[in-house]
A.B. asks: 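Sharing a structure with you now.
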Amino acid sequence: MSEVFEKLALYFEYPFVRNALIVGVLISLCSSLLGVTLVLKRFSFIGDGLSHVAFGALAIATVLNVSNDMIVIMPVTILCAILLLKSSSNAKIKGDAALAMLSVGALAVGYLLLNVFSTSLNISGDICTTLFGSTSILTLSRSDVWISIVMSAAVIIIFLLFYNKIFAVTFDETFAAAVGIRAGAYNMLIAIVTAVIIVLAMNLVGSLLISALVIFPSLSAMRVYKSFRAVVICSAVLSVLCSAIGIIISILASTPVGSTIVIADIVTFGIFSAVGALTGRRRGA
Amino acid sequence: MAQFICRDVSLGYDGKVIAEHISFEINSGDYLCIVGENGSGKSTLVRAMLKLHEPMSGEITTGDGVLPTDIGYLPQQTEVQRDFPASVREIVLSGFTGHLGAKPFYSREQKVAAMRAMERLGIDSLARHCYRELSGGQQQRVLLARALCATKKILLLDEPAAGLDPKVTGEMYSLIENLNREDGITIIMVSHDIAAAIRYATHILHIGHKRNFFGTKEEYIKSEDGRAFISLSGEDVIRT
């Protein structure tokens, strides 16, 4: 056991490992906060679709050779989030179909662009990294870390300030609108914040695995807890723990970071489902 | 002065008229039931009264110190809500979101008032319970308590007895009757249940495909529309 700790201590002397942990924890905290709302509003798939859009935007940024690819990815993803939300209410193509189109479309275009224009020698390796985030969390630049910290702080502050209104809009949009809450504006806020989180999380788990960060912690928390606040808090704690554990295991066992985090989330979901089933049965009896 | 005035309102979607020439007035303490066949535009009228839907013509105004946001709304339950992890207290408190303005959190007075609303509806012992584990009747009481937090003037209830068994339905109706008689809250209720409408309401608005009726309950029972609709819904209605 002590060998493990020594190994960990050694690794934590490297700033890139500390950066990875800080950014990982912050991103998972943000994604779990919003995840509860997204899952309850039946918006889980928007997260998934947007992550593919982010991949497409990343491909464009790479091809254009932009110095900081966030400048391209962030606005494109936010724009798509807004478009998706607008289209889901009144459009000829229904929300879920529009989303599926956008997400596979972005994936295909992104892969094509990277394949044709990339100057890298290891194209499939690069793409694999982008999709599954294998190493990018460990190669964060100083500015990446700061962007993540500032954005995460903004997400957390927005969530806290609008917590009660987000709850009202999530639970009952019609009622909220009837008492004068601008439900449309809050949906927009939720979509924009989701887009920001997804772009940030791309570094951590890669674009194909982002939805896991968004949905697993909140679904686990919902199995056991019975109030919105408890679910939000529990899901934040779970998400942070799973990401920290995932990052540490991946360092020790040299496994891919993203998948390891997601597997930690899956295991937690299993445990919480079992606990929920057991306590539920006892109450029923 | 009337709390709520509808003047020659026409409703519809995408240029297609569903209901037209709807006119009525509601004064403080009235109990109005809105009845009519399925698809006659009852729910659209409700949305229009809440300013969630723009009427095609005519106007809907509030008066007597009532603002459009002073209406406590009890919507029909949605799919999302059935398995929503929220405590009763959280949901009742959310009735105050309209009063928050720029403030992020609820005040102490609002929390006390939410507790009072729960006591008024006999669900204070359920405050910490999970909404999705309650019975249908209890869930309706929770949503009614939330509506009471939003206003003390007008309650707009959309099919409050939908999906409830007869005993719970009766309890729900007498609860609403108490709010109307004892607390002086104006009630506007959309209902399929013509028997209940005639038993509890003071006024009836019947939205028909050909014409509408608005008047007191007594006028409605004597009217042609009323007699036709009541006889469709069963003979024993008037006696109950």
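Predicted model, so just to flag it, every value in this text is computed and none were measured.
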A.B. asks: Top residue by heavy-atom pair count (under 4.5 Å) with chain A, among Leu93(B), Leu156(B), Leu52(B)?
C.D. replies: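 Among the listed options, the one with the most contacts to chain A is Leu52(B).
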
A.B. asks: For the pair Glu90(B) and Arg229(A), find out whether any cationic side-chain nitrogen is under 4.0 Å from an anionic carboxylate oxygen.
C.D. replies: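 A salt bridge is absent here (no side-chain N lies under 4.0 Å from a carboxylate O).
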
A.B. asks: Find the distance between CZ (Phe228(A)) and SG (Cys130(B)) and round it off to the nearest 0.5 Å.
C.D. replies: 12.5 Å

A.B. asks: How long is the straight-line distance from NZ of Lys41(A) back to CZ of Phe84(B), given to the nearest 0.5 Å?
C.D. replies: 8.5 Å

A.B. asks: What ring pair (Phe, Tyr, Trp, His ring centres under 6.0 Å) pairs are there with at least one residue in residues 136-160 of chain B, not counting sequence neighbours?
C.D. replies: none

A.B. asks: For Arg146(B), which atoms come within 4.5 Å of any heavy atom of chain A: side chain, backbone, both, or neither?
C.D. replies: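 Backbone plus side chain of Arg146(B), per the 4.5 Å heavy-atom cut-off to chain A.
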
A.B. asks: Applying a criterion of heavy atom separation less than 4.5 Å, what residues of residues 153-175 of chain A form contacts with chain B?
C.D. replies: Leu160(A), Leu161(A), Tyr163(A), Asn164(A), Lys165(A), Phe167(A), Ala168(A), Thr170(A), Phe171(A), Asp172(A), Thr174(A), Phe175(A)

A.B. asks: Of the backbone (N, CA, C, O) and the side chain (C-beta and beyond), which part of Phe96(B) lies under 4.5 Å from a heavy atom of chain A, both, or neither?
C.D. replies: neither

A.B. asks: Please flag which part of Arg128(B) lies under 4.5 Å from any non-hydrogen atom of chain A: side chain, backbone, both or neither.
C.D. replies: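 For Arg128(B), no heavy atom lies under 4.5 Å from chain A.
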
A.B. asks: I'd like to know whether CZ of Arg141(B) has more than 12 heavy-atom contacts from other residues, nucleotides or ligands below 6.0 angstrom.
C.D. replies: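 Enclosed: over 12 neighbouring heavy atoms sit under 6.0 Å from CZ of Arg141(B).
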
A.B. asks: Please flag which part of Leu143(B) lies under 4.5 Å from any non-hydrogen atom of chain A: side chain, backbone, both or neither.
C.D. replies: side chain

A.B. asks: Any chance OH of Tyr200(B) has more than 12 other-residue heavy atoms, nucleotides or ligands included, within less than 6.0 Å?
C.D. replies: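 Result for OH/Tyr200(B): enclosed.
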
A.B. asks: Which residue out of Ser87(B), Ala102(B), Gly72(B) racks up the most heavy-atom pairs below 4.5 Å with chain A?
C.D. replies: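 Maximum pair count with chain A is reached by Ser87(B).
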
A.B. asks: Do other residues, nucleotides or ligands put more than 12 heavy atoms under 6.0 Å from the CZ atom of Arg132(B)?
C.D. replies: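 Result for CZ/Arg132(B): enclosed.
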
A.B. asks: Given a strict heavy-atom distance threshold of 4.5 Å, which part of Leu40(A) is in contact with chain B: side chain, backbone, both, or neither?
C.D. replies: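 Both parts, backbone and side chain.
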
A.B. asks: Examine whether an atom of Ala176(A) lies under 4.5 Å from a heavy atom of chain B, and if so say whether it belongs to the side chain, the backbone or both; otherwise answer neither.
C.D. replies: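 Neither; nothing under 4.5 Å.
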
